[in-house]
Amino acid sequence: MTSAEQVLANEITVFNDRVRVDVLTALPAVSFAEAWGRRETMRYGGVDFPLLSRADLIATRRATGRDVDREDARLLESG
């Protein structure tokens with residue numbers, strides 16, 4: 001387990017227990033308020049989790065400039 005302060009100290013925190021979860025505390029290309037308004041919800045294990053919309057996920061992947069993120073964006077756009 002970790003504290004909220006430890007999570008917020010990083011832009012991305014990865015939890016990889018049973019299901020990998022990336023917790024983003026900063027978003028390139030979109031503001032939190034914009035992303036929150038377009039969020040989607042996924043239910044797992046009886047718990048609802050807010051997620052970035054597909055469009056916002058693609059925008060943030062493109063904005064990082066990393067090759068691996070651009071490839072993620074391409075795959076998301078094609079699927």
Side-chain angles (χ1 to χ4, degrees):
M1 290 285 134
T2 189
S3 70
E5 291 78 19
Q6 289 170 316
V7 171
L8 292 173
N10 301 290
E11 287 186 13
I12 300 173
T13 301
V14 177
F15 296 92
N16 199 12
D17 291 336
R18 294 182 189 159
V19 175
R20 180 182 165 135
V21 176
D22 296 354
V23 177
L24 306 174
T25 59
L27 296 172
V30 292
S31 73
F32 177 82
E34 292 169 329
W36 188 254
R38 293 186 294 261
R39 73 189 177 279
E40 297 175 9
T41 303
M42 180 187 102
R43 181 170 278 261
Y44 179 80
V47 177
D48 289 336
F49 292 91
L51 306 171
L52 281 176
S53 70
R54 182 184 197 98
D56 286 340
L57 180 56
I58 291 168
T60 60
R61 291 294 188 208
R62 289 214 174 279
T64 66
R66 298 183 331 162
D67 289 340
V68 67
D69 292 322
R70 282 195 296 268
E71 178 62 11
D72 286 348
R74 187 189 68 74
L75 292 170
L76 285 163
E77 289 171 326
S78 68

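These numbers were taken from a predicted model, which means no experiment stands behind them. Numbering starts at 1 and runs along the sequence shown.
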Worksheet entry | Which residues share a side-chain hydrogen bond (donor to acceptor under 3.5 Å, both in side chains) with Asp72, sequence neighbours left out | none
Worksheet item: What residues form a side-chain contact (heavy atoms from CB on, under 4.5 Å) with Ser31, not counting sequence neighbours?
Response: Ala33, Glu34
Item to complete: Could you pull out all residues at least two apart from Thr64 that satisfy side-chain contact (heavy atoms from CB on, under 4.5 Å)?
Response: Pro28, Arg66, Asp69
Worksheet item: With a cutoff of under 4.5 Å between side-chain heavy atoms, which Ile, Leu, Val, Met, Phe, Trp and Tyr residues group with Phe32?
Response: Trp36
Practice prompt. Any pair with a residue in residues 39-54 that passes salt bridge (Lys or Arg N to Asp or Glu O under 4.0 Å), sequence neighbours left out, goes on the list, sorted by first then second residue, please.
Written response: Arg43-Asp48
Worksheet item: Once you round to the nearest 0.5 Å, how far does CG of Leu27 lie from CG of Leu52?
Response: 5.5 Å
Discussion item. How close do Thr60 and Leu57 get, counting heavy atoms only, and between which atoms?
Written reply: OG1-O, 2.9 Å
Response to the item:
Sequence neighbours excluded, the answer for ring-ring contact (aromatic ring centres under 6.0 Å, His included) partners of Phe49 is none
Fill in: Asp67: partners by side-chain contact (heavy atoms from CB on, under 4.5 Å), with sequence neighbours left out
Arg70
Discussion item. Glu71: which residues meet the salt bridge (charged side-chain N to carboxylate O under 4.0 Å, His left out) condition with it, sequence neighbours left out?
Written reply: Arg74
Fill in: Counterpart residues, side-chain contact (heavy atoms from CB on, under 4.5 Å), relative to Ala73 (two or more places apart)
Ile58, Arg61, Arg62
Worksheet entry | ILVMFWY cluster, Leu75 and Val68 together (side-chain gap under 4.5 Å) | no
